[in-house]
2 protein chains.
Amino acid sequence: MTTRRIKNMDEFAGLVGISRPTISKYFNDPDRVRPSTRLKIEEALERYDYRPNIFAINQNRRLTKNIGIVVPYLADPFFAEIARVLERRCIDAGYTPSLFSSHGQQSLENAILDSLRSIKPAGVLLAPLGRISDKKHIEAFCRDVPTILFDSNIEGLGAGFVGSDNFSFVSQTVEYLSRTGSTPSFFEMKNPANPNANKRREAYLKMMNRLNLEPHVISIEGEGWNFEEIGRQGALNVLNGKKLPSNSVLCSNDRLAIGLLSACHELGIKVGRDDTCHIRVASHDDHPYSRFTCPSLTTAAHDYESVSSHAVETLFRLIESGGRLDKREEKLFAARLIMRGSA
Amino acid sequence: MTTRRIKNMDEFAGLVGISRPTISKYFNDPDRVRPSTRLKIEEALERYDYRPNIFAINQNRRLTKNIGIVVPYLADPFFAEIARVLERRCIDAGYTPSLFSSHGQQSLENAILDSLRSIKPAGVLLAPLGRISDKKHIEAFCRDVPTILFDSNIEGLGAGFVGSDNFSFVSQTVEYLSRTGSTPSFFEMKNPANPNANKRREAYLKMMNRLNLEPHVISIEGEGWNFEEIGRQGALNVLNGKKLPSNSVLCSNDRLAIGLLSACHELGIKVGRDDTCHIRVASHDDHPYSRFTCPSLTTAAHDYESVSSHAVETLFRLIESGGRLDKREEKLFAARLIMRGSA
DNA sequence: TTTTTTTATTTACGCGCGTAAAATAAATAT
DNA sequence: ATATTTATTTTACGCGCGTAAATAAAAAAA
């Protein structure tokens with residue numbers, strides 16, 4: 001490799017002895033030039049350090065190879081993990097993903113979409129804030145940019161949605177708890193940030209009805225994405241005041257459960273499934289930390305792999321078909337019950 | 001706002017009745033055009049929906065307004081949190097941050113730096129992997145791109161380093177534990193991924209020596225960034241086998257401590273500071289989850305605000321001075337002891 | 001070998017903007 | 001009012017590449 005720096009494709013083309021447009025074709029698809037030409041280019045690429053200017057490329061291409069990935073809250077390891085997998089798959093497919101977090105704020109979600117527009121992405125994978133999303137804004141965005149929603153569905157928005165089947169989560173946990181001798185109460189935020197929470201409450205009510213058990217929904221106060229603290233405070237209020245309606249609590253999600261476990265520990269309430277324990281606690285999501293809580297958390301796990309791979313595949317299909325799908329696609333994946341110490 | 005779409009600055013300039021270069025100047029700095037001209041432009045901006053093409057801008061500017069933020073592991077809420085603050089500050093200063101996670105892999109860290117090069121960033125905030133970083137690669141990168149290291153220092157690399165003072169962390173926790181009646185053992189990974197870990201061990205040994213106490217370092221096996229599981233396995237081995245050298249354990253970082261607490265719970269070892277407890281546990285970092293462990297974790301907190309603001313300020317200063325600082329700057333911030341239930 | 005078809009390469013133009021240098025207008029001094 | 005200085009604006013050029021249309025080369029058919 002020569003130390004000489006090549007400033008543009010023209011210069012590189014001169015060095016190879018081929019016209020610049022042919023070099024350009026090579027970079028867009030090495031198979032679209034003659035093998036002998038390809039060889040010459042790749043030999044030169046070994047000798048000289050040249051890379052096309054990404055800004056010039058993106059300015060001239062009708063569509064970039066950029067993909068936007070937007071999650072509502074990146075400090076939540078659940079989203080960090082799914083973002084990691086999505087990034088990986090985009091890179092493997094030759095795209096350039098950019099990761100953004102709305103940090104739970106509508107204004108930021110809107111700003112991210114605006115700035116995404118300016119990088120003319122081929123497509124966007126969006127996990128919206130949900131209830132507090134600016135639906136008009138997202139709708140306008142989706143009209144211009146091929147977008148697949150994931151994690152949290154907003155009816156009618158985007159070309160499709162890929163997520164987990166909330167009923168599958170709740171039905172398994174409710175069935176497990178009741179089969180093993182408990183009548184679960186449902187512990188949730190009164191004003192959940194995420195639409196999945198509502199679906200989970202509905203699923204709980206439906207399952208309890210189906211099993212002929214009396215449902216008890218414990219709705220706690222709190223706003224925002226600081227779920228652990230909200231869960232802890234809510235649990236302290238509930239546990240300090242009256243007795244729980246039953247000796248088993250099913251949390252809407254793991255982060256609330258983490259807060260609940262923290263409150264139980266503070267109050268000396270022993271959680272677990274053996275006889276010495278006061279209550280059982282189960283939850284949903286299989287949060288990365290749920291196996292390290294004390295006790296470890298019985299929960300229902302997302303099928304990360306399926307959700308992420310299907311989301312990416314759907315987006316690629318959407319991009320290849322010019323940004324339009326025949327009809328909005330929805331795909332839900334079932335959960336898997338993970339039995340641990342808490343229930 | 002008219003529905004008409006404006007495709008370029010030329011067209012917009014025509015609509016305003018001013019030449020394009022003047023419009024260009026306005027977008028780079030509204031104060032550099034005559035007030036009357038500015039008014040005309042801003043009135044037109046209200047009426048028409050026009051935004052300069054970011055790719056064309058970046059292609060032609062000698063330096064972009066992009067800033068790269070690279071963290072070793074985004075699924076760690078600690079880094080997610082600091083990345084959030086850094087992003088915010090960059091945006092407020094008129095820059096466009098891009099967030100990347102090395103996911104604990106050297107190859108990824110290298111790839112991220114390579115792709116960062118291609119977006120010609122004004123500067124980069126890099127929290128390197130540390131021990132497993134490809135130092136040559138980072139060094140070459142830093143020669144071309146103004147870079148400030150944060151969180152984890154690599155001697156001599158980058159124009160500066162901003163982080164926390166590991167001795168401040170450890171001295172406070174060791175002092176606290178010993179003052180309140182315990183002789184802390186130090187719980188750490190034998191081959192820590194992060195250079196901070198080595199500094200913390202050294203600080204522990206120094207403090208114990210200064211206090212005339214006998215040090216005990218418990219070095220557990222394990223590779224990678226899955227610290228909680230490593231801590232849990234290591235703790236199970238230690239606790240199952242021999243007795244602990246003392247009834248108080250100081251963990252190198254909170255994530256290991258979370259694993260340790262999990263192991264203690266499994267084994268029925270009660271953690272806390274009152275008489276009914278078997279051991280006390282303290283740690284370092286004030287991880288976002290450390291207040292929700294059972295019991296809540298006594299730890300030493302980073303000064304997030306100071307570290308992030310100083311990192312960003314140093315980078316801006318570096319950028320403004322043309323990418324060179326007189327000498328490599330190092331700045332460390334002291335920790336703050338957070339007393340909770342575990343010790 | 002010559003003609004036709006297919007594939008690859010080159011020519012020519014444009015993308016949307018930054019920016020130095022030249023021209024003009026405004027402000028100040030005479 | 002005129003000359004000088006200073007602040008703005010315009011002219012003119014270039015950035016590095018994509019791409020349609022024109023040309024040339026290779027492959028296939030006659």
Side-chain angles (χ1 to χ4, degrees), chain A residues 4-42 44-45 48-66 94-96 115 117-122, chain B residues 4-42 44-45 48-66 94-96 115 117-122:
Chain A
R4 173 166 176 197
R5 277 197 81 79
I6 288 145
K7 41 179 252 295
N8 59 28
M9 203 178 265
D10 241 330
E11 188 180 338
F12 181 69
L15 254 31
V16 186
I18 292 181
S19 80
R20 189 185 56 72
T22 303
I23 307 282
S24 169
K25 269 197 169 175
Y26 166 82
F27 277 109
N28 282 305
D29 183 358
D31 288 329
R32 283 184 48 187
V33 301
R34 203 168 295 162
S36 58
T37 309
R38 176 171 180 170
L39 202 70
K40 277 194 273 182
I41 295 175
E42 288 176 346
L45 237 28
Y48 309 101
D49 180 28
Y50 168 71
R51 293 167 193 224
N53 179 314
I54 189 69
F55 299 120
I57 291 174
N58 281 336
Q59 176 178 17
N60 293 305
R61 259 209 278 254
R62 38 189 79 241
L63 212 58
T64 70
K65 282 283 195 176
N66 296 329
Y95 288 91
T96 305
S115 83
R117 260 201 163 91
S118 72
I119 63 167
K120 301 190 200 308
Chain B
R4 172 166 178 195
R5 279 198 82 79
I6 290 144
K7 42 180 251 295
N8 59 28
M9 205 177 265
D10 242 331
E11 188 181 337
F12 181 68
L15 253 31
V16 186
I18 292 181
S19 79
R20 189 185 56 72
T22 303
I23 306 283
S24 169
K25 270 199 169 174
Y26 167 82
F27 278 108
N28 282 304
D29 183 357
D31 287 329
R32 282 183 49 189
V33 302
R34 203 168 295 164
S36 59
T37 308
R38 176 171 180 170
L39 202 71
K40 276 195 273 183
I41 295 175
E42 289 178 344
L45 239 29
Y48 309 101
D49 179 28
Y50 167 71
R51 292 168 193 224
N53 179 314
I54 189 69
F55 299 120
I57 291 175
N58 281 336
Q59 177 177 17
N60 293 304
R61 257 210 278 255
R62 39 189 77 243
L63 212 59
T64 70
K65 283 285 196 174
N66 295 328
Y95 288 91
T96 306
S115 84
R117 260 201 164 91
S118 72
I119 65 166
K120 301 191 197 310

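On a predicted model such as this, the values are computed, not experimentally measured, just so you know. Here is the naming used below: chain letters follow the sequence lines, and residue numbers restart at 1 for every chain.
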Heavy-atom closest pair, residues A:Arg38 and A:Tyr26: CG-CE1, 3.9 Å
In whole angstrom, give the distance that lies between atom CE of B:Met9 and atom P of C:dG14. 20 Å
To the nearest 0.5 Å, atom CD1 of A:Ile23 lies from atom CG of A:Asn28 at 12.0 Å
B:Asn28 CG to C:dG16 C1', straight-line distance once rounded to whole Å: 14 Å
Atom pair distance, as rounded to whole Å: NZ in B:Lys25 and P in C:dC17: 17 Å
Using a cut-off of less than 4.0 Å, is there contact between a side-chain N or O of A:Ser24 and OP1 or OP2 of D:dG18? yes
Given atom CG of B:Asp31 and atom P of D:dT9, what is their separation to the nearest angstrom? 13 Å
Between C1' of D:dG18 and NZ of A:Lys120, the distance in whole Å: 14 Å
With a 3.5 Å cut-off and just heavy-atom distances, do the side chain of A:Asn60 and the base of C:dG14 make a donor-acceptor pair? yes
Does a nitrogen or oxygen in the side chain of A:Asn8 sit under 4.0 Å from OP1 or OP2 of D:dG16? yes
Is a side-chain N or O of B:Thr64 found less than 3.5 angstrom from the main chain of B:Lys120, in a donor-acceptor match? yes
Looking at A:Ser19, I'd like to know whether one of its side-chain N or O atoms comes within less than 4.0 Å of OP1 or OP2 on C:dT11. no
Please report, rounded to the nearest Å, how far the P atom of C:dC17 is from the CD1 atom of A:Ile57. 19 Å
Examine the base of D:dG16 for any acceptor or donor lying under 3.5 Å from a partner atom in the side chain of A:Asp10, and report the outcome as yes or no. no
A:Glu11 side chain to A:Lys7 main-chain N or O, any donor-acceptor pair under 3.5 Å? yes
Which residue, A:Pro21 or A:Arg34, contacts DNA chain C at a nucleotide closer to its 5' end, judged by nearest heavy atom? A:Arg34
C:dC15 P sits how many Å from B:Gln59 CD, rounded? 14 Å
Output the rounded distance in Å from CG (B:Asp29) to C1' (D:dA7). 14 Å
Is there a side-chain contact between B:Tyr50 and the phosphate of C:dC17, meaning an N or O under 4.0 Å from OP1 or OP2? yes
So what does A:Arg20 hit on the nucleic acid, given a heavy-atom distance under 4.0 Å: a base, only sugar-phosphate, or nothing? base
Does the B:Asn66 side chain pair with the main chain of B:Ile119, one donor and one acceptor, at a distance under 3.5 Å? yes
Return whichever of B:Ala56 or B:Val33 has its heavy-atom-nearest nucleotide of DNA chain D closer to the 5' end. B:Val33
